[in-house]
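Below: the structure, in structure tokens.
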Amino acid sequence: MAIHYVCRHCRTFLGSIGRSDITEMQLGLQSLTPAERRDIIAYDSDGEITVKVTCDYCKQALDNNPELSLLASPLQ
């Protein structure tokens, strides 16, 4: 099972963890609400997990231009 991290805004691949022994608690995912889990974590049929986060570039763009957060896809 691999865990892949991608930017939720620009869809840039940020990295992955290929360890099968890592837990959601070690990743800090246990504190997410059910709605946050549905929005942030995706599971595929092969057991791979994709976690949607915000990359540094998109965070900076959103911090400098908060109005972008009102758009459905601000930074594609």
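None of the values given here were measured: they were computed from a predicted structure. Below, all heavy atoms of this structure are taken into account, side chains as well, without hydrogens, waters or symmetry copies.
One distance of note links CD1 of I49 with OG of S16; it measures 12.0 Å at 0.5 Å rounding. Note: H9 NE2 to T12 OG1 = 11.0 Å, rounded to the nearest 0.5 Å. Atom CG of L62 and atom OG1 of T54 lie 7.0 Å apart (nearest 0.5 Å). For the atom pair I22 CD1 and L27 CG, the distance stands at 4.5 Å (nearest 0.5 Å). Atoms CG and NZ, on L14 and K52 in that order, are 13.5 Å from each other to the nearest 0.5 Å. Separating the OG1 atom in T50 from the CD1 atom in I40 is a distance of 13.0 Å, to the nearest 0.5 Å.
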D39 vs R8, side-chain contact (heavy atoms from CB on, under 4.5 Å): CA-CA, chis, key distance, verdict: CA-CA 10 Å; D39 186 45; R8 68 172 44 258; 3.4 Å; yes
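The minimum heavy-atom distance linking C7 with C55 is given by the pair SG-N, 3.4 Å. In this structure, A2 and E48 approach most closely via the heavy-atom pair CB-OE1, 3.4 Å. The two residues V53 and Y5 come nearest to each other via the heavy atoms CG1-CD2, 4.0 Å.
A continuous path of ILVMFWY side-chain contacts below 4.5 Å connects L32 to I3, so both sit in one hydrophobic cluster. Connection of I17 to Y43 is established within a shared hydrophobic cluster, with ILVMFWY side chains joined at heavy-atom distances below 4.5 Å, either directly or through further cluster members.
Atom CG of D44 has more than 12 neighbouring heavy atoms from other residues, nucleotides or ligands inside a 6.0 Å radius. Within 6.0 Å of CD on Q60 lie no more than 12 heavy atoms contributed by other residues, nucleotides or ligands.
R37 contributes a side-chain N or O that, together with a main-chain N or O of L29, makes up a donor-acceptor pair within less than 3.5 Å.
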